[in-house]
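Comments concern the structure below.
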Amino acid sequence: MSDKYDVIVVGAGPGGYVAAIRCAQLGLKTACVEKWANADGKPVLGGVCLNVGCIPSKALLDSTWRYHEAKDSLGVHGITTKGVSLDVGAMIDRKAKVVSQLTGGIAQLFKANGVTLLPGAGKLLAGKRVQLTAADGKETVLEADNIILATGSRPVAIPPAPLADDVVVDSTGALEFRDVPKRLGIIGAGVIGLELGSVWSRAGSEVVVLEALDTFLGAVDQQIAKEAAKTFKQQGLDIRLGARVTASEVKKGKKSSVSVTYTDKDGEHTELFDRLIVAVGRRPNTDNVLAVDSGVTLDERGFVFVNDFCQTEAPGVYAIGDIVRGPMLAHKASEEGVMVAERIAGRKAQMNYDLIPGVIYTHPEIAWVGKTEEQLKAAGVEYNSGVFPFAASGRALAANDAGGMVKLLADANSDRVLGCHIIGPNAADILQQAVVAMEFGSSAEDLAMTVFAHPTLSEALHEAALAVGGHAIHIANRKKRK
Ligand code: FAD
Ligand code: AMP
């Protein structure tokens with residue numbers, strides 16, 4: 001039996017590494033176990049988010065947006081560009097550099113805060129012990145007063161579309177293409193499918209997205225989702241709803257391809273693609289993480305069962321991030337990590353699960369927080385809605401980026417803001433102002449009475465708040481109030 005720790009964190013993704021750093025800041029003797037290693041055996045920190053998720057996808061979205069603008073849309077500003085081309089290899093290499101800069105930063109932060117990094121796979125044993133299996137197979141058992149499980153998630157695989165070399169890939173493979181597929185199929189019109197579809201469509205692929213459900217972006221306010229569907233269509237993304245993929249077949253050759261069969265209301269169809277991305281969701285990494293007598297239970301979908309404070313059913317054992325209920329998002333994982341660290345240190349931290357923002361980083365971005373109009377209707381809540389289109393925003397017009405809108409929903413009786421839904425330029429950053437306001441219990445009028453700098457895109461949020469009360473300045477209000 002080796003060292004005893006105050007806290008052992010299993011997994012160094014945005015949930016685990018943030019939890020470990022916060023624990024160490026609070027004076028707890030902390031170790032973080034991570035099994036991911038690169039080819040030369042060095043531990044890979046940052047989990048899915050930094051290595052094959054949030055950051056690399058945003059790097060490619062940013063690169064391809066610049067390419068698209070330079071190639072197709074600078075003329076309106078009087079800028080002529082000729083012979084613009086994309087070096088896909090250089091783009092992928094830049095992405096890798098950004099990733100390694102950030103993951104290296106975590107190792108520095110561990111050092112600076114005194115977190116002990118333990119490379120190897122962790123498994124929770126009974127009695128607050130963790131079995132650590134190193135890459136060479138050597139096993140050690142570690143003890144701690146508290147254990148935080150943060151082992152994250154991986155892509156869901158579906159039998160009709162098994163992965164095949166670089167022809168049928170998951171989201172990780174889709175971040176590594178070294179050339180632009182001429183015809184690209186994507187299964188799943190969720191956040192990941194739409195972001196990766198945007199990347200490769202801007203790079204020049206003809207993209208077809210096959211989505212089994214009939215409703216587009218069902219979790220998003222449907223006024224915003226409809227606007228998004230219209231915009232993606234204009235951008236050339238061919239999104240087919242009610243299209244369930246039932247089979248695929250890879251045709252090997254000098255240039256491999258994949259034929260995909262799907263059914264919709266008109267029957268069975270087959271499409272031929274150069275590559276196929278399977279983006280049908282993610283599942284928690286909970287197999288091989290728990291000994292049978294660990295005392296931790298899983299729900300029917302394999303997520304670790306926890307309460308609002310991320311406590312599992314085993315005393316002193318917590319679970320956070322993608323392995324527990326709630327949206328599979330990096331910021332949710334990190335905030336849970338901070339909450340758990342603080343509670344271990346005896347503080348009274350808690351998380352507001354009602355205010356976790358969601359973002360799709362397409363262009364325009366789609367961002368939301370709180371209740372949608374559909375949810376308020378279903379719950380029988382009386383509300384007022386204020387909508388402001390970016391077409392009426394001076395700053396958006398100046399930037400030639402005036403598609404979309406800000407929509408604010410407020411309780412009809414108390415005027416408290418209940419939801420904010422945005423599609424448009426910098427939607428994620430504008431939304432964050434609504435998140436802060438809602439966290440402080442803001443009314444729409446509070447936002448309406450706040451001074452916003454002019455000319456900013458954020459003024460659209462101000463005007464949406466004014467519109468809730470029926471007195472937006474720069475649009476004709478639908479309802480007239482004094
Ligand atoms: P993970 O990031 O999955 O990390 C878990 C870590 O645990 C990994 O390093 C893994 O190797 C390690 N591990 C697993 N088992 C063991 C074990 N037994 N022993 C030791 N270590 C173990 N979210 C956003 O908020 N914004 C975005 O823009 C966004 N974009 C995304 C884009 C893509 C393409 C993908 C795939 C995901 C994206 N996400 C985004 C989701 C985000 O990446 C996850 O929600 C987040 O990474 C979850 O964090 P986590 O710490 O719970 O788990
Ligand atoms: P998300 O979980 O948000 O990443 O989205 C994944 C999407 O993939 C969901 O909207 C699913 O309906 C969709 N999906 C899952 N299986 C299939 C399938 N066989 N064919 C088409 N779409 C699918």
Side-chain angles (χ1 to χ4, degrees), residues 9-19 32-37 43-58 60-61 103 118-124 130-133 148-156 158-161 170-172 174-175 185-196 199 209-219 240-248 260 262-264 277-290 319-324 326-334 336-337 356-361 428:
V9 182
V10 184
Y17 87 75
V18 169
C32 185
V33 178
E34 174 55 61
K35 71 171 184 185
W36 199 339
V44 172
L45 305 180
V48 168
C49 170
L50 266 66
N51 292 283
V52 291
C54 324
I55 298 299
S57 59
K58 265 80 263 178
L60 297 187
L61 279 160
T103 52
L118 301 172
K123 182 174 195 170
L124 179 73
V130 172
Q131 177 184 296
L132 174 69
T133 308
I148 305 175
L149 302 173
T151 51
S153 66
R154 62 184 183 281
V156 166
I158 49 169
D170 58 17
S171 59
T172 302
L175 296 167
I186 298 181
I187 311 179
V191 177
I192 293 174
L194 291 172
E195 289 188 359
L196 292 172
V199 164
V209 185
L210 302 169
E211 167 56 57
L213 300 177
D214 293 322
T215 309
F216 182 55
L217 292 177
R240 302 183 193 170
L241 299 178
R244 176 169 293 280
V245 173
T246 52
S248 66
V260 175
Y262 69 93
T263 51
D264 64 12
I277 302 173
V278 183
V280 295
R282 300 184 61 79
R283 56 188 289 227
N285 291 325
T286 44
D287 16 72
N288 303 325
V289 176
L290 306 169
I320 59 172
D322 280 9
I323 52 164
V324 301
M328 291 172 124
L329 293 170
H331 42 282
K332 178 259 191 187
S334 298
E336 286 182 333
I356 299 175
V359 181
I360 308 177
Y361 293 87

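When a ligand or atom number is given, it counts from 1 through the structure's own listing order. Since we're looking at a predicted model, the values are computed, not measured.
Among protein heavy atoms, the minimum distance from atom 2 (O) of ligand 2 is reached at Gly281 CA, 3.6 Å. Protein heavy atom in closest approach to atom 18 (N) of ligand 1: Gly122 O, 3.0 Å. Scanning the protein for heavy atoms near atom 7 (O) of ligand 1, the closest one is Gly11 CA, 3.3 Å. Annotation: atom 22 (N) of ligand 2 to nearest protein heavy atom, Ala212 N, 3.0 Å. Among all non-hydrogen protein atoms, the one lying nearest atom 11 (C) of ligand 2 is Glu211 OE2, 3.5 Å. For atom 8 (O) of ligand 2, the closest non-hydrogen atom on the protein side is Gly188 CA, 3.3 Å. In terms of protein heavy atoms, atom 53 (O) of ligand 1 is closest to Gly152 CA, 3.1 Å. Among protein heavy atoms, the minimum distance from atom 32 (C) of ligand 1 is reached at Gly53 C, 3.4 Å. Of the protein's heavy atoms, Gly190 CA, 3.6 Å lies nearest to atom 3 (O) of ligand 2. Nearest protein heavy-atom neighbour of atom 49 (O) of ligand 1: Pro14 CG, 3.2 Å. Taking atom 19 (N) of ligand 2 as the reference point, the nearest protein heavy-atom neighbour is Val245 O, 3.3 Å.
Atoms of ligand 1 lying under 4.0 Å from at least one heavy atom of Ala150, given by number and element, are 5 (C), 6 (C), 7 (O). Residue contact check: Trp36 has heavy atoms under 4.0 Å from atoms 9 (O), 11 (O) of ligand 1. Contact atoms of ligand 1 toward Arg282: 36 (C) (distance under 4.0 Å to a heavy atom of the residue). Under a 4.0 Å criterion applied to the non-hydrogen atoms of Leu213, ligand 2 contributes the atoms 10 (O), 12 (O). Shown in contact with Gly47 at under 4.0 Å from a heavy atom are these atoms of ligand 1, numbered in order with element: 2 (O), 4 (O), 8 (C), 9 (O). Atom numbering of ligand 1 starts at 1 in the shown order; those under 4.0 Å from a heavy atom of Gly13 are 2 (O), 4 (O), 6 (C), 51 (O). Shown in contact with Leu210 at under 4.0 Å from a heavy atom are these atoms of ligand 2, numbered in order with element: 21 (C), 22 (N). For ligand 1 and Met328, the ligand atoms under 4.0 Å from any heavy atom of the residue are 41 (C), 45 (O). Of all the atoms in ligand 2, the ones that sit under 4.0 Å from a non-hydrogen atom of Arg244 are 20 (N). Interface atoms of ligand 1 facing Leu329, defined by a heavy-atom separation under 4.0 Å, are 23 (N), 24 (C), 25 (O), 45 (O). Close contacts of ligand 1 with His331, meaning ligand atoms under 4.0 Å from a residue heavy atom, involve 25 (O). Near Ile158, with a cut-off below 4.0 Å to any heavy atom, the atoms of ligand 2 are 19 (N).
Judged by distance alone, with hydrogens and angles left aside, the side-chain atoms of Glu195 form a donor-acceptor pair with the main-chain N or O of Tyr361 at under 3.5 Å. Judged purely by atom type and a 3.5 angstrom limit, Glu336 uses its side chain to pair as donor or acceptor with the backbone of Gly321. Using a distance-only test at 3.5 Å, with no hydrogens or angles considered, no donor-acceptor pair links the side chain of His331 to the main chain of Pro14. Not a single donor-acceptor pair under 3.5 Å links the side chain of Glu211 to the backbone N or O of Leu241. Judged by distance alone, the side chain of Arg283 and the main-chain N or O of Val156 form no donor-acceptor pair under 3.5 Å.
Checked by distance only, ligand 1 and Ala330 come closer than 3.5 Å through their nitrogen or oxygen atoms. Ligand 2 has no N or O atom lying under 3.5 Å from any N or O atom of Val280, backbone or side chain.
In terms of heavy atoms, Ile187 sits closest to Ala161 at CD1-CB, 3.7 Å. Nearest heavy atom pair, residue Ala174 against residue Ile277, reads CB-CD1, 3.5 Å. The nearest pair of heavy atoms linking Cys54 to Cys49 is SG-SG, 2.8 Å. Across all their heavy atoms, Ala212 and Arg244 have their closest contact at CB-NH2, 3.5 Å. Looking at every heavy atom in both residues, Asn51 comes nearest to Pro56 through O-CG, 3.3 Å. The two residues Ile186 and Leu196 come nearest to each other via the heavy atoms CD1-C, 4.2 Å.
Using a 4.5 Å heavy-atom threshold, the side chains of Leu50 and Leu45 count as separate. Residues Val9 and Val33 are not in side-chain contact: their nearest non-hydrogen atoms beyond the backbone lie 4.5 Å or more apart. Looking at Asn288 and Lys123, their side chains never come closer than 4.5 Å, going by heavy atoms from C-beta outward. Side-chain contact between Ile360 and Leu217 is present, with at least one heavy-atom pair separated by less than 4.5 Å. Side chains of Arg282 and Ser171 form a contact here, defined as non-hydrogen atoms less than 4.5 Å apart. Residues Glu34 and Tyr17 are not in side-chain contact: their nearest non-hydrogen atoms beyond the backbone lie 4.5 Å or more apart.
Using a 4.0 angstrom heavy-atom cutoff, Pro155 does not count as in contact with ligand 1. At least one heavy atom of Ala279 lies less than 4.0 angstrom from ligand 2. Distances shorter than 4.0 angstrom do not occur between any heavy atom of Ile192 and any atom of ligand 2. Under a 4.0 angstrom heavy-atom cut-off, Ala219 registers as lying outside contact with ligand 2. At least one heavy atom of Val52 sits less than 4.0 Å from an atom of ligand 1. Using 4.0 Å as the threshold, Lys58 has a heavy atom nearer than that to some atom of ligand 1.
Residue nearest to atom 47 (O) of ligand 1, selected from Cys49, Ser171, Pro56, Gly321: Cys49 (by heavy-atom distance). The option from Gly15, Cys54, Ser57 that lies nearest to atom 42 (C) of ligand 1, judged by heavy atoms, is Cys54. Proximity annotation for atom 44 (C) of ligand 1: of Asp322, Val324, Val48, Asp322 comes nearest, heavy atoms only. Taking each of Leu290, Thr151, Val289, Ile356 in turn, the one with a heavy atom nearest to atom 15 (N) of ligand 1 proves to be Thr151. Evaluated by nearest non-hydrogen atom to atom 22 (C) of ligand 1, the leading choice among Lys35, Gln131, Lys123, Glu336 is Lys35. Here atom 11 (O) of ligand 1 lies nearest to Glu34 when heavy atoms of Glu34, Glu195, Lys332 are compared.
A distance of 9.5 Å separates CD1 of Ile192 from CG of Leu175, quoted to the nearest 0.5 Å. Atom CD1 of Ile320 and atom CG of Leu149 lie 9.0 Å apart (nearest 0.5 Å).
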Check against salt bridge (Lys or Arg N to Asp or Glu O under 4.0 Å), Asp287 and Arg154: CA-CA 12 Å; Asp287 16 72; Arg154 62 184 183 281; 3.4 Å; yes
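Contact annotation: for Ile192 versus ligand 1, heavy atoms closer than 4.0 Å belong to the side chain alone. The proximity of Pro160 to ligand 2, defined as any non-hydrogen pair under 4.0 Å, does not occur for either the backbone or the side chain.
Side-chain atoms of Asn285 and Thr151 form no donor-acceptor pair, as typed in the model, at a separation below 3.5 Å.
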